[in-house]
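Per chain, numbering begins at 1; letters A, B, ... match sequence-line order. The model shown is predicted, which means the values in this text are computed figures rather than measured ones.
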2 protein chains.
Amino acid sequence: MKLTSKGRYAVMALVDLARFDTINPVSLRDISLRQGISLDYLEQIFSKLKKNQIVKSTRGTQGGYILSKKPNEIKLNNILNAVDEKVKTVQCKKESKKGCNGRATKCVTHNLWDELETHINTFFEKKSLQDLLKDNSERVN
Amino acid sequence: MKLTSKGRYAVMALVDLARFDTINPVSLRDISLRQGISLDYLEQIFSKLKKNQIVKSTRGTQGGYILSKKPNEIKLNNILNAVDEKVKTVQCKKESKKGCNGRATKCVTHNLWDELETHINTFFEKKSLQDLLKDNSERVN
DNA sequence: ACATACCTGACTAAAATGGTCAAGTTTAGA
DNA sequence: TCTAAACTTGACCATTTTAGTCAGGTATGT
């Protein structure tokens with residue numbers, strides 16, 4: 001399982017977007033400056049967010065990104081999946097005749113990681129962008 | 001955050017140990033063969049488990065490892081911490097005057113990762129080796 | 001036309017991962 | 001007492017992932 005900066009950046013950027021896209025599209029440049037994330041890296045991230053229909057883009061001067069849906073309809077789960085931060089805890093070979101570790105049976109921890117995966121996914125499915133906005137409504141930055 | 005093979009191996013090895021240490025210490029060699037984990041790697045893992053008083057060792061012929069406590073007293077949390085698979089989701093610089101990203105404020109997702117961390121830790125604190133033994137009591141391997 | 005901003009893909013330094021290898025020390029049992 | 005089994009320690013390493021950078025584009029509002 002992995003939960004690294006990419007996922008964090010994606011969430012940060014989208015919270016930023018949710019705050020500022022009410023009138024005009026928001027440029028990555030602005031997000032980059034406000035959130036302290038490299039512009040080039042943001043472009044990679046937004047490319048994936050766009051492919052997953054989480055944001056929409058407008059090109060040209062005054063262009064930028066806006067959210068595709070309302071903040072309460074965008075779950076953290078959607079965001080993290082979009083940037084390939086899928087919650088994956090076990091690397092048991094699926095569909096092979098043998099189970100984990102090349103054995104006939106599943107490794108003794110197999111069910112455990114499955115449970116954990118569900119546990120974490122549930123957490124992210126419940127949280128929406130809206131929830132984060134609310135939590136940080138008093139913040140300046 | 002990271003949850004990789006090392007943690008999985010540690011749990012697998014301890015479940016194995018819990019099953020077989022009733023009479024004699026169990027050698028890493030045996031665990032290695034039964035669980036399909038490299039012996040050398042197991043040695044690294046058990047070195048840490050020992051430092052954290054999760055297992056005790058006996059040297060020499062017929063030596064090996066036994067659990068320091070009863071299976072129901074060993075929480076998964078203890079195991080994963082011992083092998084450095086601490087649940088860590090954010091790399092915000094602690095104790096610096098500035099918050100995440102070198103800003104004066106915490107990044108908007110700071111609380112989120114904190115919550116997740118608690119969420120996951122709670123999961124592991126509730127699970128003991130005993131629980132895993134029970135789940136797999138019918139297994140052959 | 002030109003500046004702004006999106007778009008794409010190749011590239012890379014540094015860190016983490018999942019080990020291996022070598023050289024011990026300790027102790028049970030023959 | 002000798003020796004093999006088993007623990008102990010630390011260095012080393014190939015591969016993969018991460019977190020970007022860089023170098024080009026293309027589209028479009030003014």
Please identify each residue that fulfils side-chain contact (heavy atoms from CB on, under 4.5 Å) with [X], with sequence neighbours left out.
| X | answer |
| --- | --- |
| A:Pro71 | A:Ala18, A:Leu67, A:Leu129, A:Gln130, A:Leu133 |
| A:Glu43 | A:Leu28, A:Leu39, A:Asp40 |
| B:Gln53 | none |

Open item on the list: Looking at D:dT18, I'd like to know if its phosphate oxygens (OP1 or OP2) sit under 4.0 Å from a side-chain N or O belonging to A:Lys6.
Closed with: no

Task: B:Lys50 side-chain N/O to D:dT8 phosphate OP1/OP2 under 4.0 Å - done: yes

- [ ] Among D:dA19, D:dT8, D:dG29, find the nucleotide with the atom closest to the side chain of A:Thr61.
- [x] D:dG29

Once you round it to whole Å, what is the distance between [atom2] of [N] and [atom1] of [X]?
| X | N | atom1 | atom2 | result |
| --- | --- | --- | --- | --- |
| A:Ile45 | C:dC7 | CD1 | C1' | 15 Å |
| B:Ile37 | C:dT17 | CD1 | C1' | 15 Å |
| B:Arg29 | D:dT8 | CZ | P | 17 Å |
| B:Lys48 | D:dT8 | NZ | C1' | 15 Å |
| A:Asp30 | C:dC6 | CG | C1' | 14 Å |
| A:Leu42 | C:dT8 | CG | C1' | 16 Å |

Task: salt bridge (Lys or Arg N to Asp or Glu O under 4.0 Å) contacts touching residues 118-127 of chain B (sequence neighbours left out) - done: A:Glu115-B:Lys127

Shorter than 3.5 Å, N or O on both sides, protein versus nucleotides 19-21 of chain C: list them out with atom names.
unit_1: C:dG19; atom_1: OP2; unit_2: B:Tyr9; atom_2: OH; d: 2.7
unit_1: C:dG19; atom_1: N7; unit_2: B:Gln44; atom_2: NE2; d: 3.4
unit_1: C:dT20; atom_1: OP2; unit_2: B:Ser38; atom_2: OG; d: 2.4
unit_1: C:dT20; atom_1: O4; unit_2: B:Gln44; atom_2: NE2; d: 2.6

Task: Partner set under side-chain hydrogen bond (donor to acceptor under 3.5 Å, both in side chains) for B:Lys75, not counting sequence neighbours - done: none

Task: Which residues share a side-chain hydrogen bond (donor to acceptor under 3.5 Å, both in side chains) with A:Lys48, sequence neighbours left out - done: A:Asp84

Task: Residue pairs fulfilling ring-ring contact (aromatic ring centres under 6.0 Å, His included) with at least one residue in residues 63-83 of chain B, sequence neighbours excluded - done: B:Phe46-B:Tyr65

Task: Check: A:Asn121 side chain, A:Glu117 main-chain N or O, donor-acceptor pair, under 3.5 Å - done: yes

- [ ] Please work out which of the three classes, parallel, tilted or perpendicular, describes the rings of A:His119 and B:Phe123, given edges at 30° and 60°.
- [x] tilted

Open item on the list: At 4.0 Å (heavy atoms only), tell me whether A:Phe46 reaches a base, stays on the sugar-phosphate, or touches nothing.
Closed with: nothing

- [ ] Under 4.0 Å from any atom of DNA chain D, heavy atoms only: list the residues of residues 51-59 of chain B that qualify, in numerical order.
- [x] B:Ser57, B:Thr58, B:Arg59

